[in-house]
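These values consider heavy atoms only, across backbone and side chains, with no hydrogens, waters or symmetry-generated copies. Keep in mind that this is a model prediction, so the values were computed, not measured. Numbers restart at 1 for each chain; the letters A, B, ... are given by sequence-line order, proteins then strands.
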Protein chains: 2
Amino acid sequence: MSRILVVEDDPAILRGLTDNLQYESHEVLTATDGETGYGLIRQKNPDLVILDLMLPKLSGYELCRRVRAEGVSTPILMLTAKGEEVDRVRGLDLGADDYVTKPFSVPELLARVRAILRRARSTETLPAQLCFDDVVVDFQRYEARKSDKPLKMVRKEFGILRLLAARAGQVVTREELLDQVWGYENYPSTRTVDNHIASLRAKLEQDPSQPCYLITVHGVGYKLVD
Amino acid sequence: MSRILVVEDDPAILRGLTDNLQYESHEVLTATDGETGYGLIRQKNPDLVILDLMLPKLSGYELCRRVRAEGVSTPILMLTAKGEEVDRVRGLDLGADDYVTKPFSVPELLARVRAILRRARSTETLPAQLCFDDVVVDFQRYEARKSDKPLKMVRKEFGILRLLAARAGQVVTREELLDQVWGYENYPSTRTVDNHIASLRAKLEQDPSQPCYLITVHGVGYKLVD
DNA sequence: CCCGCAATGTCATGAAAATGTCATGAAAAC
DNA sequence: GTTTTCATGACATTTTCATGACATTGCGGG
């Protein structure tokens with residue numbers, strides 16, 4: 001069903017995971033050290049990586065950081081030993097999608113795997129880049145250029161632009177932008193979106209008062225032209 | 001606006017949720033145990049179920065499993081107490097659409113409710129496009145063209161046309177249009193519909209005084225020809 | 001067939017809603 | 001502490017929209 005890479009140096013755990021995942025009809029790749037794991041991520045492009053934290057050659061941390069820095073967005077589920085609380089925070093910080101502490105219950109781990117895969121499938125694929133006119137925006141490097149000149153853009157602006165680009169041509173409502181870019185925890189007013197759109201226009205449009213790319217659809221939302 | 005079932009045994013929480021949801025002009029049904037909740041889902045067919053995990057008689061977990069097994073696809077938002085980590089995973093596994101851990105922030109919960117309802121509505125079977133004669137209307141991009149020339153249409157016009165297109169060939173009454181396009185909060189006179197139809201004709205018909213596509217059915221309503 | 005009445009077409013107008021714009025201060029990041 | 005990011009509110013401007021007056025059409029009954 002899905003291709004899953006397990007990077008784990010304890011052969012007993014590795015075997016147990018492999019059997020269970022295969023039993024759920026997944027294709028399983030394995031590695032017992034960080035460097036091999038890194039290579040397999042690049043070559044085989046798995047749908048999910050289950051990653052032990054303590055690994056020979058290249059730690060789970062370092063591996064995670066490295067692939068994320070390269071813009072690989074493959075979901076990662078971390079395996080941490082009990083008491084590595086601090087590590088857990090650092091792990092999620094580095095871009096892991098979930099974590100399980102050892103010793104773990106196999107059904108729970110499988111449930112988390114299913115949840116991650118489901119989430120990954122339902123998430124629309126966000127673009128890594130956007131180009132139009134003389135503008136180039138790189139959403140992984142968080143860099144933007146206009147006529148080759150570096151452009152200063154802030155985090156929310158990248159987020160908004162990225163969602164608009166993902167649905168290029170279609171109208172995105174302010175509520176959808178708030179859901180996706182802000183999340184549900186803090187939910188500012190829809191007017192906040194307008195302000196960010198205004199500053200995006202000021203930076204990206206030739207004539208911000210006559211926008212050609214960031215279009216208002218009155219009563220509905222905004223869209224980015226194709 | 002929407003019909004929401006809340007299944008929660010703590011009367012304080014139940015009351016708070018009910019008040020807030022009603023304040024957002026939803027119809028709220030309540031149950032304080034799992035079995036009653038189950039019955040209401042079957043009988044009343046709510047648009048959304050907010051489901052506590054720990055319930056008398058039938059746990060939220062079990063309830064969720066049962067209705068999903070019966071093929072009920074009503075969105076479910078789970079309420080879990082902090083520390084019910086395993087349950088949370090199992091809940092999502094069972095087909096809950098979202099979850100919130102208690103104690104939860106009310107604005108956040110309301111935001112999630114809005115998002116779920118929005119998602120549900122968007123998957124309703126409304127056409128994404130309409131073509132006839134030399135007219136093309138795209139309801140996702142909010143764009144309209146006639147003989148390849150861009151046509152300016154406003155939100156209500158898109159809404160009316162979309163409903164007429166969804167029931168192409170059938171007559172739609174003014175009341176139905178008001179219900180679906182305007183909603184129940186602000187309910188203008190039926191004459192307002194006539195005006196919007198007139199402006200649609202002016203934009204889409206070859207000869208607006210002799211409409212070929214947006215047809216009046218005297219004494220009943222309007223229809224869009226197949 | 002023609003009259004009367006109700007339903008609909010047409011248009012102008014002002015109100016209300018949505019959006020653009022900017023300044024300000026709070027909160028977060030550094 | 002300093003700087004940056006961000007949310008909010010006030011005001012101006014634009015757009016949408018509901019209403020009502022009047023014209024026109026369609027329909028049924030004498």
Side-chain angles (χ1 to χ4, degrees), chain A residues 93 142-144 150-161 164 171-223, chain B residues 107-108 111 142 144 150-161 164 171-175 177-223:
Chain A
D93 255 5
Y142 279 75
E143 283 173 0
L151 202 59
K152 185 174 160 140
M153 266 175 44
V154 296
R155 186 159 39 117
K156 288 277 187 283
E157 289 166 0
F158 277 104
I160 291 173
L161 198 58
L164 290 175
V171 180
V172 182
T173 67
R174 293 174 178 74
E175 285 76 17
E176 285 174 302
L177 284 162
L178 287 173
D179 290 352
Q180 302 292 320
V181 178
W182 274 260
Y184 302 104
E185 288 79 11
N186 51 345
Y187 211 82
S189 88
T190 54
R191 298 312 318 280
T192 301
V193 177
D194 297 327
N195 283 295
H196 285 276
I197 291 285
S199 59
L200 276 170
R201 281 178 179 152
K203 292 171 187 175
L204 304 178
E205 295 276 359
Q206 302 297 348
D207 177 3
S209 65
Q210 300 286 321
C212 296
Y213 298 98
L214 289 162
I215 306 297
T216 302
V217 179
H218 201 280
V220 188
Y222 296 99
K223 69 177 170 180
Chain B
E108 176 180 343
Y142 279 76
L151 205 60
K152 185 176 159 134
M153 268 176 42
V154 295
R155 181 170 51 140
K156 288 277 189 283
E157 290 166 0
F158 278 105
I160 290 172
L161 198 58
L164 290 175
V171 182
V172 182
T173 66
R174 294 176 178 72
E175 283 74 18
L177 283 162
L178 287 172
D179 289 352
Q180 300 293 317
V181 178
W182 274 260
Y184 299 102
E185 284 84 9
N186 52 345
Y187 211 81
S189 85
T190 55
R191 299 310 319 281
T192 301
V193 177
D194 298 334
N195 281 296
H196 285 278
I197 292 285
S199 59
L200 276 171
R201 283 178 178 152
K203 292 171 187 176
L204 303 178
E205 296 277 0
Q206 301 298 348
D207 177 3
S209 64
Q210 299 288 320
C212 297
Y213 298 99
L214 289 162
I215 307 298
T216 302
V217 179
H218 202 275
V220 188
Y222 296 99
K223 72 173 173 181

Working to the nearest 0.5 Å, report the span between [atom1] of [X] and [atom2] of [Y].
X	Y	atom1	atom2	result
A:Lys156	A:Leu200	NZ	CG	12.5 Å
A:Leu177	A:Thr190	CG	OG1	11.0 Å
B:Arg174	B:Ser189	CZ	OG	10.0 Å
B:Ile197	B:Glu157	CD1	CD	9.5 Å

Which listed nucleotide ([options]) is nearest to the side chain of [X]?
X	options	result
A:Arg174	C:dT19, D:dC6, D:dC17	C:dT19
A:Lys152	D:dA18, D:dT5, D:dT16	D:dT5
A:Thr216	C:dT19, D:dT5, D:dA7	C:dT19
B:Arg201	C:dG9, D:dC6, D:dC17	C:dG9

Look at the side chain of A:Asn195 and the base of D:dC6, then say whether one donor and one acceptor between them are separated by less than 3.5 Å.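 Checked by distance alone, the answer is no.
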Protein-nucleotide distance ([X], atom [atom1]; [N], atom [atom2]), rounded to Å:
X	N	atom1	atom2	result
A:Leu200	C:dT21	CG	P	13 Å
B:Asn186	C:dA15	CG	P	19 Å
B:Ile215	D:dG26	CD1	P	12 Å
B:Arg191	C:dA12	CZ	P	16 Å
A:Leu178	D:dC6	CG	C1'	13 Å
B:Lys156	D:dT15	NZ	P	17 Å
B:Asp194	D:dC22	CG	P	18 Å
B:Ile197	D:dC17	CD1	C1'	15 Å

Does [X] make a side-chain N or O approach to OP1 or OP2 of [N] shorter than 4.0 Å?
X	N	answer
B:Arg155	C:dA17	no
A:Ser209	C:dG20	no
B:Trp182	D:dA18	yes
A:Tyr222	C:dG20	yes
B:His196	D:dT16	no
B:Ser189	D:dT19	yes

Check for a donor-acceptor pair, side chain of A:Glu205 on one end and backbone N or O of A:Gln210 on the other, with a separation under 3.5 Å.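 No; zero donor-acceptor contacts below 3.5 Å.
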Looking at A:Val220, is its backbone amide N or carbonyl O close enough to the side chain of B:Arg155 to form a donor-acceptor pair, meaning the two atoms are under 3.5 Å apart?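 No; judged by distance alone, with no hydrogens or angles, the pair does not exist.
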Mind checking if A:Val193 touches a base, just sugar-phosphate, or nothing, with heavy atoms under 4.0 Å?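 No contact.
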Residue matched to C:dA26 through Watson-Crick or wobble contacts both under 3.5 angstrom: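 Paired with D:dT5.
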